[in-house]
Chemist: 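My questions will all concern the structure given below.
Hydrogens, waters and symmetry mates play no part in the numbers below; they use all other heavy atoms, side chains included. So that the names make sense, note that chain A is the first sequence line, chain B the second, and so on, each numbered from 1.
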Amino acid sequence: MAIETYYPFQEAEPRWQKAWAERRLFEARIDGKRPKSYILEQFPYPSGKLHMGHVRVYTIGDAMARFRRMQGFDVLHPMGFDAFGLPAENAAIQRGVRPADWTEQCIDNMRGQLNRLGMSYDWEREVVTCRDDYYRWNQWIFIKMWEMGLVERRKAAVNWCPKCQTVLANEQVINGRCWRHEDTDVDVRQLDQWFLKITDYADELLKDLDDKLAAWPNLVTAQQRNWIGRSEGALVKFKVKETGEDLPIFTTRPDTLFGVSFMVMAPEHPKVAELVKGKPNEAEVKNFINKIVLEGREKRTDEAAEKEGCPLGLTAINPVNGREVPIWIANFVLMEYGTGAIMAVPAHDQRDFEFAKKFDIPIHVVIQPEGQTLDSSTMTAAYTEPGVMVNSAQFDGMPSPDAKKAIVTWLAGKKQGEPTVQYRLRDWLISRQRFWGTPIPFIHCEHCGLVPVSVDELPVKLPPDAKFGDGSPLAGVEDFVNVKCSKCGGKARRETDTMDTFFDSSWYYLRYCDAKNATLPFNKEAQAWMPVDLYVGGKEHAILHLLYSRFFTKVLRDMGLIKLDEPFSRLLTQGMVLSEGKDPRTGEVRFFKMSKSIGNVVDPSEIIEQYGADAARMFILFAAPPDKDLEWTTAGVEGIARFMNRLWRYVQNNLHNLRAGMALKSEVKPGEAKNDTDKALLRQIHETTRRVTADLAERQQFNTAISACMELLNALHSWPLHENDVLGYRLAATSMSRLALLISPFAPHLAEEIWAQIGGEGLVAEQPWPAWDEEALKVDEIEIALQVLGKVRGHMMVGVNEDEEAIKQRALADEKVVPFTQGKTIRKVIYVKHKLVNIVAN
RNA sequence: GCCGGGAUGGCGGAACUGGCAGACGCAAGGGACUUAAAAUCCCUCGCCCACAAGGCGUGCGGGUUCGAUUCCCGCUCCCGGCACCA
């Protein structure tokens with residue numbers, strides 16, 4: 001008689017959450033006797049409530065943390081909040097609340113939601129970046145970086161977002177627009193700003209991508225490699241004929257030096273104004289510069305943009321052959337890269353070619369392709385491939401790749417050039433003209449200039465209130481701004497910029513290891529826990545957060561705080577959560593990233609209420625592999641809820657037998673199962689254990705792990721549980737207790753509920769992970785496929801130890817096989833052990 | 001243009017080292033139970049062929065192999081990143 005009930009998740013889930021919290025099962029301890037595992041997910045910005053994307057990352061991380069804990073690892077699985085940032089400040093402006101109050105309220109709400117999902121965090125180590133017990137260490141690290149020479153305040157052309165009312169880092173500018181405001185072009189402004197010299201670490205950041213981050217997705221390492229943008233080339237000294245001064249250029253093509261026919265400087269190049277000062281064309285040049293600068297960076301760096309140029313009326317001397325060439329300024333040359341000046345070889349560079357054609361500048365061919373002769377008067381595009389050197393004095397006849405090195409060596413001997421490496425990566429602009437961030441711990445003294453705040457005066461606390469409106473909010477807080485110089489005691493002003501919030505998130509993973517340390521940002525415990533063994537987060541941080549964190553780790557290492565080169569040994573970038581929606585423009589119905597404008601947002605709270613936290617977790621893990629986008633469907637969630645109920649119902653309907661079996665406290669051993677159905681079930685129990693373990697440990701492939709559990713339940717359903725049969729009780733109990741343990745990383749509440757019902761001891765969360773027995777996986781006979789010419793024609797049972805020759809003979813005589821071999825010559829018979837026989841006959 | 005990733009039934013996906021393509025789930029269809037519905041249970045479910053036997057089938061075209069979703073060569077299309085970086 002079947003009992004129709006539903007798993008009462010509304011009541012059960014909070015009950016188990018309470019049980020875990022009371023037993024403090026998730027508090028991390030490390031003693032060095034057991035292996036450690038640091039499982040971390042990117043901490044959220046406290047926006048107010050969780051979205052499905054959060055549920056996905058945190059479920060993935062939680063499943064892994066629970067699995068490792070049961071496996072006997074010392075697990076660190078912490079959570080915190082990336083709490084500084086503009087949205088809180090904007091909320092403060094719009095609602096007239098303090099950013100701190102608003103943020104803390106959001107945090108409370110989100111912490112509650114995370115707990116409601118059953119996440120196994122060690123909240124004792126919570127890190128909240130907007131509290132002064134955290135951000136004081138930002139300031140401490142910043143001052144140490146200053147002492148190491150890694151902090152610079154300098155005037156530079158910087159990106160300004162008019163909506164954010166602050167400057168941005170290069171990494172925060174996407175296609176010339178603000179990363180937060182896709183519709184807002186950033187301006188370029190000349191401002192005094194604070195930079196971290198990440199470029200000092202460019203080489204190591206690049207090298208370690210290959211050497212130490214093999215377990216990162218290619219997508220991420222490739223993007224970082226691209227962003228760092230290493231180019232090998234040479235610095236070559238050209239000379240200005242009229243003034244005699246040196247004008248160095250950077251080139252990756254020293255093999256084309258004999259083909260230079262002009263030189264180009266960036267319009268902003270500081271030497272330009274000097275060079276044309278008092279010259280008749282001064283006004284003309286200045287007009288041109290103004291025009292280009294006004295165009296803005298986005299337009300200028302568009303490859304399709306028309307080449308614009310203006311001659312300076314000056315001459316450069318090419319050091320390789322003494323040839324005198326005109327100097328131009330042009331829109332396509334950037335001040336920030338190389339030396340801000342280039343040599344131009346129209347025959348072998350497409351940009352130079354277009355420029356030369358437009359302004360009628362000579363073209364000199366110096367590299368000929370194999371078996372072809374280029375003619376400068378008939379060329380329609382630059383030839384940029386390798387070839388044979390011509391018109392290049394003693395280098396003629398040399399293959400151009402060889403000439404690259406030879407020419408640089410020759411120039412170096414004459415002190416006219418040297419090999420060099422350039423990076424695309426720029427220093428990290430970290431100052432922001434906003435309130436809700438870590439105050440930069442410096443003062444500006446009228447006498448002493450820039451003075452760091454002494455480390456024992458930290459933290460420099462944010463004032464509780466500020467005047468929001470035009471300009472930097474902190475600048476209007478007089479108590480904050482007016483200070484005495486700590487060096488000379490004279491009048492001074494506090495720095496009113498705050499730090500980019502990416503500073504906060506660049507080292508939070510270290511703080512978790514030693515979250516309450518009041519004398520240092522972190523100490524020895526960090527050495528024991530680090531590196532993070534699995535870091536789960538979104539691809540959108542491929543460059544930003546993940547590059548900055550790598551940089552910080554190397555800096556903190558060089559500061560002597562930790563022995564560590566890379567913070568995250570393994571990275572899992574989870575896909576987005578999509579749901580069905582209607583394209584507002586085309587009306588097309590398909591899956592989109594959840595967004596308000598499309599109206600396809602699914603609220604996790606509603607799902608938890610309707611189906612429970614476990615169903616949400618299970619569906620999210622089951623619907624797609626973790627690194628792929630996931631299509632959220634109600635039917636899918638119902639499917640998973642159906643599975644959980646089936647499991648639940650099996651327990652209810654067989655409660656008596658399961659309890660009786662559990663009470664005997666002994667799992668069925670391989671030799672004990674006698675009949676075929678029992679043997680098959682026992683075998684599947686162990687096979688499932690093996691599959692789930694491998695899927696979690698090696699591949700983080702939760703979808704297949706869950707489907708293995710489904711298969712085991714299906715098998716259990718069709719297995720006949722005979723009443724009054726002790727082996728039967730025990731086998732049922734073995735199956736069900738295993739199932740409870742195996743699904744517990746995914747559906748921890750249901751697992752506990754089942755475990756308790758069948759009479760399991762203690763909590764599932766503190767049980768050891770089950771092992772599989774190779775003996776139980778063994779079978780007496782296996783079905784193999786019979787192929788003729790690679791096509792399956794039938795099947796046959798073979799004994800595991802059956803003689804190969806006997807199998808082949810039986811296969812050749814098989815009634816399904818014979819029609820396909822009749823009248824043909826048997827060329828070969830291939831046997832793949834325990835898989836197939838393939839007969840080659842024609 | 002350069003770099004990275006994809007393409008498997010109506011759908012999400014599986015196939016781990018070159019060895020039976022389509023596990024598991026969703027949707028769909030049929031049936032049982034029910035006064036009825038829901039729930040549950042059973043069956044079918046890649047395509048062609050009325051059935052069967054058979055043939056075809058993992059984006060396309062070649063190749064290697066006894067055997068290819070998997071390896072190699074050449075394409076197409078889609079997604080993501082970078083891009084006048086000298």
Chemist: Which is true for A/Arg827 with a 4.0 Å heavy-atom rule: it touches a base, it touches only sugar-phosphate, or it touches nothing?
Modeler: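 Touches nothing.
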Chemist: Within the structure shown, what part of the strands sits under 4.0 Å from A/Asn218 by heavy-atom distance: base, sugar-phosphate, or nothing?
Modeler: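 Answer is sugar-phosphate: A/Asn218 comes under 4.0 Å of backbone atoms only.
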Chemist: Identify whether NZ of Lys or CZ of Arg in A/Lys307 sits under 6.0 Å from the centre of the six-membered ring of A/Phe355 and within 45° of that ring's axis.
Modeler: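 Relative to the ring axis of A/Phe355, which defines the angle, A/Lys307 lies outside at least one limit.
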Chemist: Checking all strands, does A/Pro217 fall into the base, sugar-phosphate, or nothing category for heavy-atom contacts under 4.0 angstrom?
Modeler: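 Nothing, no nucleic acid heavy atom in range.
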Chemist: Using the purine O4'-C1'-N9-C4 or pyrimidine O4'-C1'-N1-C2 torsion, is B/G9 syn (within 90° of 0) or anti?
Modeler: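 In terms of base orientation relative to the sugar, B/G9 is syn.
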Chemist: Under 3.5 Å, is there a donor-acceptor pair between the side chain of A/Ser400 and the main chain of A/Ala403?
Modeler: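 Checking the backbone N and O of A/Ala403 against the side chain of A/Ser400, no donor-acceptor pair under 3.5 Å is found.
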Chemist: With rounding to whole Å, what would you report as the distance between B/C73 and B/C20 at their C1' atoms?
Modeler: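 Rounded to whole Å, the distance is 29 Å.
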Chemist: Would you measure the distance from the C1' atom in B/C56 across to the matching atom in B/C3 and give it in whole Å?
Modeler: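 Comparing C1' positions in B/C56 and B/C3 gives a spacing of 38 Å.
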Chemist: Has A/Asn159 got a side-chain atom pairing as donor or acceptor with A/Val188's backbone, closer than 3.5 angstrom?
Modeler: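 Side chain of A/Asn159 to backbone of A/Val188, a donor-acceptor pair under 3.5 Å: no, none is there.
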Chemist: Does B/G57 pair with anything, Watson-Crick or G-U wobble, both distances under 3.5 Å, and if so, with which nucleotide?
Modeler: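 For B/G57, the partner nucleotide comes out as none, under the 3.5 Å rule.
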Chemist: Using a heavy-atom cut-off of 4.0 Å across all strands, would you classify A/Arg646 as base, sugar-phosphate, or nothing?
Modeler: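 A/Arg646: backbone/sugar contact only, no base atoms under 4.0 Å.
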Chemist: So A/Glu783, base contact, sugar-phosphate only, or nothing? Heavy-atom distance under 4.0 Å.
Modeler: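 It contacts base atoms.
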Chemist: I want to check a possible cation-pi pair here: A/Arg793 against A/Phe820, using under 6.0 Å from ring centre and within 45° of the ring axis as the test.
Modeler: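 Ring-cation test returns yes.
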Chemist: Using a 4.5 Å cut-off on heavy atoms from C-beta on, say whether the side chain of A/Phe359 contacts that of A/Trp328.
Modeler: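 Yes, at least one pair of side-chain atoms sits under 4.5 Å.
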Chemist: A/Lys539 has an atom NZ; how far is it from atom C1' of B/G81, in whole Å?
Modeler: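 Between C1' of B/G81 and NZ of A/Lys539: 12 Å.
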Chemist: Ignoring the backbone of A/Arg424, work out which of B/C84, B/C41, B/A83 is nearest its side chain.
Modeler: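 The nucleotide sitting nearest to the side chain is B/A83.
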Chemist: Rounded to whole angstrom units, what separation is found between the NZ atom of A/Lys593 and the C1' atom of B/G80?
Modeler: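 Atom NZ in A/Lys593 sits about 13 Å away from atom C1' in B/G80.
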Chemist: Using only side-chain N and O atoms of A/Arg642, determine if any of them is under 4.0 Å from OP1 or OP2 of B/C26.
Modeler: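 Yes.
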Chemist: Within the structure shown, what part of the strands sits under 4.0 Å from A/Phe820 by heavy-atom distance: base, sugar-phosphate, or nothing?
Modeler: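 Counting heavy atoms under 4.0 Å across all strands, the contact made by A/Phe820 is with sugar-phosphate only.
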Chemist: Within less than 4.0 Å of OP1 or OP2 of B/A14, is there a side-chain N or O belonging to A/Asn703?
Modeler: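 So the side-chain polar atoms of A/Asn703 do come within 4.0 Å of the phosphate oxygens OP1 or OP2 of B/A14, strictly under.
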Chemist: Across the strands shown, which category fits A/Val333 at heavy-atom distances under 4.0 angstrom: base, sugar-phosphate, nothing?
Modeler: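 Base: the residue A/Val333, judged by heavy atoms under 4.0 Å, touches a nucleobase.
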Chemist: Could you tell me which nucleotide pairs with B/G12 by Watson-Crick or G-U wobble geometry, both distances under 3.5 Å, or answer none if nothing does?
Modeler: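 Per the H-bond distance test, B/C24.
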Chemist: Tell me the partner of B/U64, counting only Watson-Crick (N1-N3 plus N6-O4 or O6-N4) or G-U wobble (N1-O2 and O6-N3) with both under 3.5 Å; none if nothing fits.
Modeler: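 No nucleotide pairs with B/U64.
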Chemist: Tell me: NZ of A/Lys816 to C1' of B/A52, nearest whole Å?
Modeler: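 These atoms are roughly 11 Å apart.
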Chemist: Would you measure the distance from the C1' atom in B/G62 across to the matching atom in B/C48 and give it in whole Å?
Modeler: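 Those two atoms are separated by 26 Å.
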Chemist: Does A/Trp227 have A/Arg424 sitting over its ring (NZ/CZ under 6.0 Å from centre, angle to axis within 45°)?
Modeler: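 The answer is yes; both the distance and angle limits are met.
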Chemist: With nearest nucleotides of RNA chain B determined for A/Glu638 and A/Val840 from heavy-atom distances, which residue corresponds to the more 5′ nucleotide?
Modeler: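 Its nearest nucleotide being more 5', the pick is A/Glu638.
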Chemist: Taking for each residue the nucleotide of RNA chain B with the nearest heavy atom, is it A/Asn331 or A/Lys835 whose nucleotide lies nearer the 5' end?
Modeler: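 Per heavy-atom nearest nucleotide, the more 5' residue is A/Lys835.
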Chemist: Base, sugar-phosphate, or nothing: which does A/Asn838 touch, judged by heavy atoms less than 4.0 Å apart?
Modeler: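 The answer is base, as A/Asn838 lies within the cut-off (heavy atoms under 4.0 Å) of a base atom.
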Chemist: For B/G18, which nucleotide is its Watson-Crick or G-U wobble mate, given both distances must be under 3.5 Å?
Modeler: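 Paired with B/G18, as far as the under-3.5 Å criterion goes, is no nucleotide at all.
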Chemist: Determine the interatomic distance between P on B/G25 and the same-named atom on B/C77; round to the nearest Å.
Modeler: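 One P to the other, the span is 38 Å.
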Chemist: Need the pair for B/C77. Rule: Watson-Crick or G-U wobble, both distances under 3.5 Å, any strand; none if unpaired.
Modeler: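 The answer is B/G6, by the H-bond criterion.
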Chemist: Categorize A/Phe622 for me: base, sugar-phosphate, or nothing, with a 4.0 angstrom heavy-atom threshold over every strand shown.
Modeler: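 Base contact.
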Chemist: At under 4.0 Å between heavy atoms, what does A/Thr633 touch on the DNA or RNA strands: base, sugar-phosphate, or nothing?
Modeler: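 Answer is nothing: A/Thr633 stays at 4.0 Å or more from every strand.
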Chemist: Between A/Leu219 (CG) and B/G4 (C1'), how many Å, whole number?
Modeler: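 Checked: the CG to C1' distance equals 6 Å.
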Chemist: Would you please confirm or rule out a distance under 4.0 Å between OP1 or OP2 of B/A14 and any side-chain N or O of A/Arg691?
Modeler: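 So the side chain of A/Arg691 is outside the cut-off, no N or O lying under 4.0 Å from OP1 or OP2 of B/A14.
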Chemist: C1' atom, B/G5 versus B/A86: distance in rounded Å?
Modeler: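 After rounding to an integer number of Å, I get 30 Å for this pair.
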Chemist: Ignoring backbone atoms, test whether A/Arg225 places a side-chain nitrogen or oxygen under 4.0 Å from the OP1 or OP2 oxygen of B/G4.
Modeler: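 No, outside the criterion.
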Chemist: For a quick check of understanding: with a heavy-atom distance under 4.0 Å over all strands, which category does A/Arg793 fall into, base, sugar-phosphate or nothing?
Modeler: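 Result for A/Arg793 = sugar-phosphate.
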Chemist: Could you go through the side chain to side chain donor-acceptor pair (under 3.5 Å) check for A/Tyr611 and A/Glu638 one step at a time?
Modeler: CA-CA 8 Å; A/Tyr611 301 98; A/Glu638 282 167 357; 3.0 Å; yes
Chemist: Measure from CD1 on A/Ile826 to C1' on B/C66 and round the result to the nearest Å.
Modeler: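 Spelled out: CD1 on A/Ile826 to C1' on B/C66 is 13 Å.
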Chemist: Would you measure the distance from the P atom in B/A15 across to the matching atom in B/U8 and give it in whole Å?
Modeler: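 Per the computed distance, 15 Å lies between those P atoms.
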Chemist: Answer yes or no: does a side-chain N or O of A/Arg590 lie under 4.0 Å from OP1 or OP2 of B/C79?
Modeler: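 Looking at the OP1 and OP2 atoms of B/C79, neither is under 4.0 Å from any side-chain N or O of A/Arg590.
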Chemist: Among B/G13, B/A23, B/G81, find the nucleotide with the atom closest to the side chain of A/Ser707.
Modeler: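 Shortest atom-to-atom distance from the side chain points to B/A23.
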Chemist: Between A/Phe619 and A/Trp632, how do the two ring planes meet: parallel, tilted or perpendicular, split at 30° and 60°?
Modeler: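 Perpendicular.
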Chemist: Taking only side-chain N and O atoms of A/Gln701, does any of them lie within less than 4.0 angstrom of OP1 or OP2 on B/A14?
Modeler: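 Checking A/Gln701 against B/A14: at least one side-chain N or O falls below 4.0 Å of OP1 or OP2.
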Chemist: Please report, rounded to the nearest Å, how far the C1' atom of B/A39 is from the CZ atom of A/Phe643.
Modeler: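 Going from A/Phe643 (CZ) to B/A39 (C1'), I get 18 Å.
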Chemist: Taking any heavy-atom pair under 4.0 Å as a contact, classify A/Gly338: base, sugar-phosphate, or nothing.
Modeler: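 Counting heavy atoms under 4.0 Å across all strands, no contact is made by A/Gly338.
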Chemist: Which listed nucleotide (B/C85, B/C84, B/A15) is nearest to the side chain of A/Lys307?
Modeler: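 Closest nucleotide among those given: B/C84.
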Chemist: Taking the side chain of A/Glu631 as heavy atoms from C-beta outward, which of B/C85, B/G12, B/C20 is closest to it?
Modeler: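 Looking only at side-chain atoms, A/Glu631 lies closest to B/G12.
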Chemist: Sort out the partner of B/C84 for me: Watson-Crick or G-U wobble, both distances under 3.5 Å, none otherwise.
Modeler: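 Pairing partner, where one exists within any strand: none, as none qualifies.
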Chemist: May I have the distance from A/Leu630 (atom CG) to B/G25 (atom P), rounded to whole angstrom?
Modeler: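 Distance check: A/Leu630 CG to B/G25 P gives 18 Å.
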Chemist: Identify the nucleotide, in any strand shown, that forms a Watson-Crick or G-U wobble pair with B/U69, with both distances under 3.5 Å; if there is none, say none.
Modeler: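 Across all strands, not a single nucleotide pairs with B/U69.
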Chemist: Please state the C1' separation for the pair B/A32 and B/A38 - nearest whole angstrom.
Modeler: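 To the nearest whole Å, 16 Å.
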Chemist: Taking any heavy-atom pair under 4.0 Å as a contact, classify A/Ile830: base, sugar-phosphate, or nothing.
Modeler: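 Base contact.
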Chemist: Remember a base hit wins even if backbone is also touched, and classify A/Asp352 as base, sugar-phosphate or nothing at under 4.0 Å, heavy atoms.
Modeler: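 Result for A/Asp352 = nothing.
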Chemist: Which value, in whole Å, describes the distance between the C1' atoms of nucleotides B/A23 and B/C60?
Modeler: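 That atom pair is separated by 28 Å.
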Chemist: Which one, B/G19, B/C3, B/C66, comes nearest to the side chain of A/Val832?
Modeler: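 The answer is B/G19.
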Chemist: Look at the side chain of A/Arg426 against the base of B/C85 and say whether a donor-acceptor pair falls under 3.5 Å; ignore hydrogens and angles.
Modeler: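 Result: at least one qualifying N/O pair found.
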Chemist: What does B/U40 pair with, Watson-Crick or G-U, if both distances are under 3.5 Å?
Modeler: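 Across all strands, the one nucleotide that pairs with B/U40 is B/A32.
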Chemist: Would the distance check show the side chain of A/Asn838 and the main-chain N or O of A/Ile830 forming a donor-acceptor pair, the cut-off being under 3.5 Å?
Modeler: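 Such a contact is absent between A/Asn838 side chain and A/Ile830 backbone.
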Chemist: From CZ of A/Arg253 over to C1' of B/C85, roughly how many Å is that when rounded to an integer?
Modeler: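 So the CZ-C1' distance, A/Arg253 to B/C85, works out to 15 Å.
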Chemist: Determine whether A/Glu308 and A/Lys358 make a side-chain contact, defined as any pair of heavy atoms from C-beta on separated by less than 4.5 Å.
Modeler: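 A/Glu308 vs A/Lys358: side chains touch.
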